[in-house]
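Remember, predicted model here, so these are calculated numbers, not experimental data.
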Amino acid sequence: MNNRYDVVIAGAGPAGGQCARDLAARGYDVVVLETESEDEFPRQSNKSTAGTFPSMMSSFGIPDDVVMQYTDSVVLESPTNHYVREQPGAVLEFADFKRFLVEDSRADGAEYRFDARVTAPIMENGEIIGVRYNGDEEVYGEIIIDATGPAAPLAKKLGVVDLKRENHAIGIEYEFEGIDIDRPGFADLHDAMMLRLDHEIAPGGYSWVFHTGEDTAKVGLCYIQNGSHEQYARDDFSIDDYLTHWLDTDPRFRDAERLEGKQHRGSAHIQPPGKLHTDRFMAIGDTVPTVDPLWGEGINKCMQSGRMAAAAADTCLKHGDLEPTAENLEVYDTLWHRDVAPNQRKRLLMTQLLYLAPNERYDQLMADLRRLDDDTLTKANRGNIPAIAKLLEPRDIPLLATFAKERLSLGSFL
């Protein structure tokens with residue numbers, strides 16, 4: 001077995017798989033180390049709602065046969081109101097999608113080692129030169145990439161990321177049949193991806209229903225374990241309890257039944273990015289927080305970061321005398337902030353304000369969105385301050401004061 005490669009990637013998720021695709025297509029020797037066994041992949045790591053947009057699929061050449069349902073609209077719900085925006089989307093069968101990335105990169109020569117749990121970097125003269133996995137097995141590369149998500153065993157030990165518990169978002173999702181997709185009194189969810197803001201269901205976060213055809217859908221919720229969650233959460237409730245509470249109280253789920261084996265759990269961090277790379281090393285995907293405030297777009301962001309890392313690696317590897325030092329890999333940092341998550345700090349400002357608002361403010365937000373043009377929401381999601389200001393009202397002054405106080409108490413202000 002070969003133990004030396006141009007690039008070693010830890011993690012076969014969307015970021016690692018796409019990075020391997022791009023590198024293998026360029027003719028580089030790349031190996032991907034994945035914790036799960038191949039015959040069950042992806043079971044434990046099947047963690048995404050898998051909602052995305054056609055622009056992502058066309059950008060990355062994703063085939064239609066991994067799509068469960070194409071959607072026509074995005075619905076935002078509050079406890080007693082809703083807003084509908086016409087926007088094409090796609091709900092992927094996440095397991096099929098991830099397997100496609102593996103097989104497509106393999107066709108170009110990428111190697112995968114399953115049952116390979118990465119544990120530590122191998123260092124020499126202060127630089128990472130390889131990876132240790134499964135205790136004592138080793139593999140070496142000119143460039144090492146951590147695409148393991150919040151676990152980040154390499155990035156953490158190299159001091160590249162500092163993922164804070166108060167910014168940790170956890171989520172749970174089930175797939176159901178028997179859902180009343182067009183219940184009177186609610187928005188029609190046929191061919192729609194719905195996000196609900198309601199602290200009774202997801203304190204400090206949001207819940208969702210993604211239609212997957214006929215009377216089936218993905219139903220789940222997530223929340224950030226921060227001050228907003230503590231303000232609205234119930235002491236005796238776990239994330240499973242909140243999902244059960246929603247299923248028990250929402251009439252759309254009265255006759256719904258869980259589909260066996262279709263349960264997904266996951267986590268991510270909602271915080272400003274720190275370092276992205278160092279000598280011979282880059283962190284990609286959910287190892288570096290990249291989630292959009294409203295639409296999530298986790299898949300797209302992860303794959304974009306994988307592509308940018310591949311481009312940065314290429315700039316060094318195609319020149320035999322150009323060492324992959326932190327300085328020479330700086331292009332990854334530049335591309336990430338320009339193309340993957342521009343205006344990230346301002347976008348996070350919107351996220352924090354959104355989850356801090358009370359339920360009655362969410363009801364008013366839906367009315368405001370219907371009054372404003374669609375561009376306002378799009379621009380606000382991109383971190384445009386004038387657009388965010390349009391969504392605020394004089395009665396939000398106490399909310400802004402609370403937000404400022406929390407930021408100052410943490411020693412930072414986005």
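- Contacts of R338 classified as salt bridge (Lys or Arg N to Asp or Glu O under 4.0 Å), with partners at least two apart in sequence or in another chain: none.
- Checked against the 6.0 Å centroid criterion, the rings of Y5 and Y140 do not qualify as a close aromatic pair.
- In terms of the side chain to side chain donor-acceptor pair (under 3.5 Å) criterion, residue partners of D250 (sequence neighbours excluded) are, by chain and number, W246, R252.
- A donor and an acceptor atom, one from each side chain of N81 and R370, are located under 3.5 Å apart.
- Listed by chain and number, the residues in a ring pair (Phe, Tyr, Trp, His ring centres under 6.0 Å) with F237 are Y242 (sequence neighbours excluded).
- Relative to the ring axis of Y174, R258 places its NZ or CZ within 45° and under 6.0 Å from the centre.
- Here D248 pairs with T244 under the side-chain contact (heavy atoms from CB on, under 4.5 Å) rule; sequence neighbours left out.
- Remark: T119 pairs with R132 by the side-chain contact (heavy atoms from CB on, under 4.5 Å) rule, at least two apart or across chains.
- By the ring pair (Phe, Tyr, Trp, His ring centres under 6.0 Å) test, H199 is found to be paired with Y232, Y362, residues two or more places apart in sequence or in another chain being considered.
- Contacts classified as salt bridge (charged side-chain N to carboxylate O under 4.0 Å, His left out) and involving residues 10-25 (residues at least two apart or in different chains) are given here: R21-D104, D22-R307.
- Every residue two or more places apart in sequence or in another chain was checked for a ring pair (Phe, Tyr, Trp, His ring centres under 6.0 Å) with F186, and none qualifies.
- The closest side-chain donor-acceptor pair between Y83 and S78, if any, does not fall under 3.5 angstrom.
- Rounded to the nearest 0.5 angstrom, I145 CD1 and L329 CG are separated by 9.0 Å.
- Distance check, rounded to the nearest 0.5 Å: CG of L243 to OG of S238 gives 9.5 Å.
- Judged as a salt bridge (charged side-chain N to carboxylate O under 4.0 Å, His left out), the pairs with a partner in residues 360-369 (not counting sequence neighbours) are, in order, R361-D368, R361-D396, D368-R371.
- A donor-acceptor contact closer than 3.5 angstrom links the side chains of D64 and Y70.
- Listed by first and then second residue, the ring pair (Phe, Tyr, Trp, His ring centres under 6.0 Å) pairs that reach into residues 8-29 come to none, sequence neighbours excluded.
- Considering only residues two or more places apart in sequence or on other chains, N328 meets the side chain to side chain donor-acceptor pair (under 3.5 Å) condition with T325.
- Salt-bridge formation is detected for the pair K262/E93: a Lys NZ or Arg NE/NH1/NH2 atom is positioned less than 4.0 Å from an Asp or Glu carboxylate oxygen.
- Under the rule for a ring pair (Phe, Tyr, Trp, His ring centres under 6.0 Å), the partners of H211 that lie at least two apart in sequence or sit in another chain are H190.
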